[in-house]
J.: 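Have a look at this one.
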Amino acid sequence: MTPTDTKKHLLDRPGISDKIYIAVCILAILAAIPDILSLFNIVYETHPYTQIEEIPVFYGLYSMICFLTLLVTAKAVQSYLKRDEDYYD
Amino acid sequence: MIDGLNPGLILILGALLIPLTNGVIRNLILLALPVIGLAQTFSLGLGSWGEVEIMGMTLVLTKIDPLSRVFGTIFHIAAFAGLLYALHVKDTVQQVSTLIYAGAAIGAVFAGDLITLFSYWELTAISSVFLIWASRTERSYRSGMRYLIIQVTSGVILLGGIILYYFDTGNIAFEAMELGSLATWLFVIAFGIKAAFPLLHNWIQDSYPEATVTGTVILSAFTTKLAIYALARGFAGTEILIAIGAIMVIFPLVHATLENDLRRTIAYSMNSQQGFMVIAIGIGSELALNGVAAHAVVSILYTCLLFMATGAVLHRTGTAKISELGAIYKSMPITSFFAVIGALIIVAFPLTAAFASKALIMSAALDAKMVFLWLVMLFGAIAVIDNVGLKIPVFGFFSKDNGMRTSEAPLHMLLAMALLASLAILIGVYPAVLFEWLPFEMDYQVYTASHVVTQLQMIAFAALAFAAAIRLAIYPIMSAGINLDFDWFYRKLFKNTAIKLGGWINTVWTGFLKRARQLIDFIIEWAISTHGRGALMSATVSSGSAVAVILLVFGLMVTIFYA
């Protein structure tokens with residue numbers, strides 16, 4: 001195994017999925033901070049076009065809601081839609 | 001440059017040189033033609049050329065205005081990138097059809113009248129089907145047939161519309177129209193088929209994954225965007241397009257999420273992205289139309305890039321199915337890198353082109369106080385983070401190692417991907433590069449703190465939801481197989497109904513023939529029994545008896561009439 005191979009196998013290391021998960025969590029929190037700070041008028045000023053955007057972390061929450069809706073819908077209809085590869089042949 | 005020559009014709013006529021050449025010369029011609037076409041476009045500038053009077057109608061063979069120039073330019077770039085990507089293909093049929101197809105699409109956007117538009121419109125259909133048939137499988141043959149029927153139908157409907165429109169208005173110039181008459185409805189349907197309106201959309205997901213590796217890249221760039229151009233030119237501000245576009249954004253998302261085939265996933269997602277453009281055409285404001293042109297450009301860049309990356313995997317491994325792919329990144333790191341770049345662009349990550357182009361359309365909706373519509377589009381933008389932005393790289397390129405090993409994509413493929421990726425990032429970093437070519441002047445700030453933060457927030461939370469769904473094992477499992485879509489109606493229900501109906505008609509007809517034959521047989525038998533040899537009616541009698549009968553008849557008549 002060459003050194004580059006070892007490096008490339010980074011994603012194969014045990015526990016890497018936990019680390020990625022934690023990293024994603026931290027990123028989400030970081031992305032939400034400006035909105036929360038803006039509640040106290042610190043650092044950041046929002047430019048809402050609509051009332052709905054005034055909800056703190058609106059984009060993040062809406063993103064999660066949309067994602068879950070999509071996932072639930074997709075899972076719900078999957079069994080009805082799924083067919084074999086050669087269904088039309 | 002020849003004054004007024006439609007740049008599309010350079011590619012179409014240039015295609016005729018291809019069979020006469022080979023090797024390096026052929027490759028040089030292939031790559032040079034889009035460059036010459038683009039040079040012709042810019043040397044012409046804005047204006048119209050080649051007015052021809054035929055039967056009282058004025059054809060305008062070449063017309064370049066700011067809207068058509070944006071589409072024409074990106075078509076040239078896509079043709080160049082697609083041909084560069086396909087440089088290893090030694091199939092003359094594919095090379096010729098690619099050039100004619102790209103040339104026809106360019107010719108169509110630079111057509112000044114409806115007849116010229118129709119000619120190129122049909123040419124795109126006929127030339128492009130060879131890219132599907134070039135797979136040379138039974139499945140691709142059938143898929144190509146369905147594609148051809150649908151595409152040519154669009155052309156025939158367009159022609160019907162043109163004839164009616166000419167009778168209504170006495171005019172065949174291709175300009176903004178009011179939706180109302182049958183003619184204009186036919187136009188919208190013809191354009192709608194190629195733009196993949198809901199329920200008219202399945203030809204995309206049916207045919208693109210059946211085309212060759214390089215064919216799909218080429219196919220994805222032209223037909224659907226040509227239709228967007230035609231709608232934007234003819235029907236900007238037509239309200240019904242807003243509703244159609246909104247359904248279009250949502251409709252393909254579930255399938256994009258469930259799909260196992262990477263190329264079909266992108267085809268579904270592309271369909272949803274078309275919806276953004278259709279909505280913007282429906283809104284019809286200057287900002288919205290700039291959004292249409294900008295997003296069409298950007299959408300071509302990232303769709304081609306993603307089809308290139310997934311196509312390279314298919315080229316090397318022979319499959320583009322999530323259930324069969326493993327840790328592709330280990331063997332194809334550069335291709336995987338470009339797939340990630342493509343994913344970042346499609347999720348509208350800051351500093352990529354879609355961040356700028358999608359913002360125009362979203363802002364146009366808010367300017368028009370369409371908050372619900374804006375939420376629908378936001379839903380579409382979030383869904384694409386899942387079903388392309390994360391799904392394609394995570395499951396297609398960085399999946400669990402299943403021992404699959406291959407080699408990196410050929411250099412020319414990587415160069416083609418690099419070209420599109422750099423353009424998309426260039427536009428993302430300096431949106432003005434694209435904005436100054438858009439049809440309308442505008443003063444739009446892409447990079448505000450709130451825009452960047454909100455976009456990052458959306459992406460980060462979608463990624464979090466995605467990671468959590470996988471962790472909790474609630475993410476739908478993609479296994480071998482297909483998911484039914486609307487084409488089930490014509491590929492299964494209508495087909496089976498037609499076969500059954502045909503069976504019934506056959507039974508009734510055979511039964512009818514049988515009965516008729518029995519009747520004729522009966523008549524013949526009966527005739528034989530009465531008039532046959534020795535039967536009553538054919539029996540001969542003596543002349544004396546005959547005369548006696550005649551005399552009797554005469555006698556009766558005389559008695560009746562003269563009594």
Side-chain angles (χ1 to χ4, degrees), chain A residues 4-5 8-12 17-18 20-35 38 43-53 57-89, chain B residues 138-139 142 253-255 257-258 260 327 329-330 333 363 366-367 369 371 374-375 378-383 385-387 398 400-401 448-451 453-471 474-477 479-485 487-488 491-492:
Chain A
T4 49
D5 251 13
K8 279 181 193 167
H9 286 52
L10 185 72
L11 289 181
D12 289 338
S17 68
D18 291 338
I20 294 176
Y21 185 64
I22 293 166
V24 172
C25 287
I26 294 171
L27 283 178
I29 294 166
L30 283 178
I33 285 177
D35 268 22
S38 73
V43 184
Y44 175 78
E45 200 181 327
T46 53
H47 301 281
Y49 268 94
T50 56
Q51 281 188 333
I52 203 164
E53 283 177 279
V57 204
F58 163 74
Y59 284 86
L61 296 176
Y62 188 66
S63 183
M64 283 202 124
I65 293 167
C66 288
F67 183 89
L68 288 176
T69 315
L70 179 63
L71 208 65
V72 169
T73 320
K75 264 195 108 105
V77 297
Q78 189 176 30
S79 55
Y80 298 104
L81 298 180
K82 194 83 187 167
R83 291 292 183 281
D84 286 337
E85 197 80 43
D86 56 358
Y87 176 71
Y88 286 118
D89 294 339
Chain B
E138 175 69 20
R139 199 175 274 182
R142 287 166 182 272
L253 294 177
V254 166
H255 280 86
T257 308
L258 294 177
N260 182 38
Y329 71 96
K330 290 181 183 172
S363 301
L366 287 178
D367 281 353
K369 305 270 177 274
V371 176
W374 175 78
L375 286 173
L378 214 51
F379 185 100
I382 292 159
I385 300 175
D386 161 51
N387 52 39
F398 294 88
K400 203 173 230 156
D401 200 346
T448 62
S450 64
H451 186 198
V453 169
T454 51
Q455 186 65 25
L456 287 176
Q457 205 179 84
M458 237 164 69
I459 297 170
F461 275 75
L464 177 60
F466 182 82
I470 293 176
R471 219 178 152 74
I474 52 167
Y475 199 85
I477 294 162
S479 53
I482 56 159
N483 297 295
L484 297 184
D485 196 351
D487 58 350
W488 178 82
R491 291 176 71 180
K492 211 72 183 179

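Lettering follows sequence order; numbering is per chain, from 1.
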J.: Using non-hydrogen atoms and a 4.5 Å limit, figure out which bit of Ala468(B) sits close to chain A: side chain, backbone, both or neither.
T.: both

J.: Pick from Val77(A), Asp89(A), Leu27(A): which one has the most heavy-atom pairs with chain B under 4.5 Å?
T.: Asp89(A)

J.: To the nearest 0.5 angstrom, please state how far the CG atom of Leu61(A) sits from the CE atom of Met458(B).
T.: 13.0 Å

J.: For Asp487(B), is it the side chain, the backbone, both or neither that has a heavy atom under 4.5 Å from a heavy atom of chain A?
T.: both

J.: Closest heavy-atom contact between Leu70(A) and Ala383(B)?
T.: CD2-CB, 3.7 Å

J.: Count the heavy atoms belonging to other residues, nucleotides or ligands that lie under 6.0 Å from CZ of Arg491(B), then report whether that count exceeds 12.
T.: yes

J.: Do you know which two heavy atoms are closest between Cys66(A) and Phe379(B), and how far apart they sit?
T.: SG-CD1, 3.3 Å

J.: Are the side chains of Tyr87(A) and Lys492(B) in touch, meaning some heavy atoms are under 4.5 Å apart?
T.: yes

J.: Are Arg471(B) and Asp18(A) within salt-bridge range, i.e. N to O under 4.0 Å?
T.: yes

J.: Is NZ or CZ of Lys75(A) both nearer than 6.0 Å to the six-membered ring centre of Tyr475(B) and within 45° of the ring axis?
T.: no

J.: Mind checking the OH-CD1 spacing from Tyr21(A) to Ile470(B)? Nearest 0.5 Å is all I need.
T.: 11.0 Å

J.: Work out which heavy atom in Phe67(A) is nearest to a heavy atom in Ala465(B); give both atom names and the distance.
T.: CD2-CB, 3.4 Å

J.: Might you point out which heavy atoms bring Arg139(B) and Glu85(A) nearest each other, and give the distance in Å?
T.: NH2-O, 3.6 Å

J.: Measuring from atom CG of Leu68(A) to atom CD1 of Ile382(B), what distance do you get when rounded to the nearest 0.5 angstrom?
T.: 11.0 Å

J.: What is the minimum heavy-atom distance between Ala460(B) and Val24(A), and which atoms define it?
T.: O-CG1, 4.3 Å

J.: Are side-chain heavy atoms of Leu81(A) and His255(B) found at a separation under 4.5 Å?
T.: yes

J.: Side chain, backbone, both or neither: which part of Asp84(A) has a heavy atom under 4.5 Å from chain B?
T.: backbone

J.: Could you measure the distance from the CG atom of Asp386(B) to the CG atom of Leu71(A)? Nearest 0.5 Å is fine.
T.: 7.0 Å

J.: Any donor and acceptor pair, going by atom type alone, linking the side chain of Gln78(A) with main-chain N or O of Ile477(B) inside 3.5 Å?
T.: yes

J.: So which part of Ile52(A) gets closer than 4.5 Å to some heavy atom of chain B, the side chain, the backbone, both or neither?
T.: side chain

J.: Side chain, backbone, both or neither: which part of Trp488(B) has an atom under 4.5 Å from a heavy atom of chain A?
T.: both

J.: Evaluate side chain to side chain contact (heavy atoms under 4.5 Å, CB included) for Leu484(B) paired with Tyr88(A), printing each intermediate quantity in order.
T.: CA-CA 10 Å; Leu484(B) 297 184; Tyr88(A) 286 118; 3.8 Å; yes

J.: From Phe466(B) CZ over to Ser63(A) OG, what is the distance, rounded to the nearest 0.5 angstrom?
T.: 12.5 Å

J.: By a 4.5 Å heavy-atom criterion (distance strictly below it), what part of Val57(A) contacts chain B: side chain, backbone, both, or neither?
T.: both

J.: Is Lys82(A) reaching over with its side chain to a backbone N or O of Leu258(B), donor-acceptor style, under 3.5 angstrom?
T.: no

J.: Who wins among Ala469(B), Pro476(B), Ala327(B) for the most heavy-atom pairs under 4.5 Å with chain A?
T.: Pro476(B)

J.: Give the minimum heavy-atom separation between Glu53(A) and Trp374(B), together with the two atoms involved.
T.: CG-CH2, 3.7 Å

J.: Under 4.5 Å from any heavy atom of chain A, what part of Leu375(B) do you find: side chain, backbone, both or neither?
T.: both

J.: Under 4.5 Å heavy-atom distance to chain B, tell me which part of Tyr80(A) shows up: side chain, backbone, both or neither.
T.: backbone

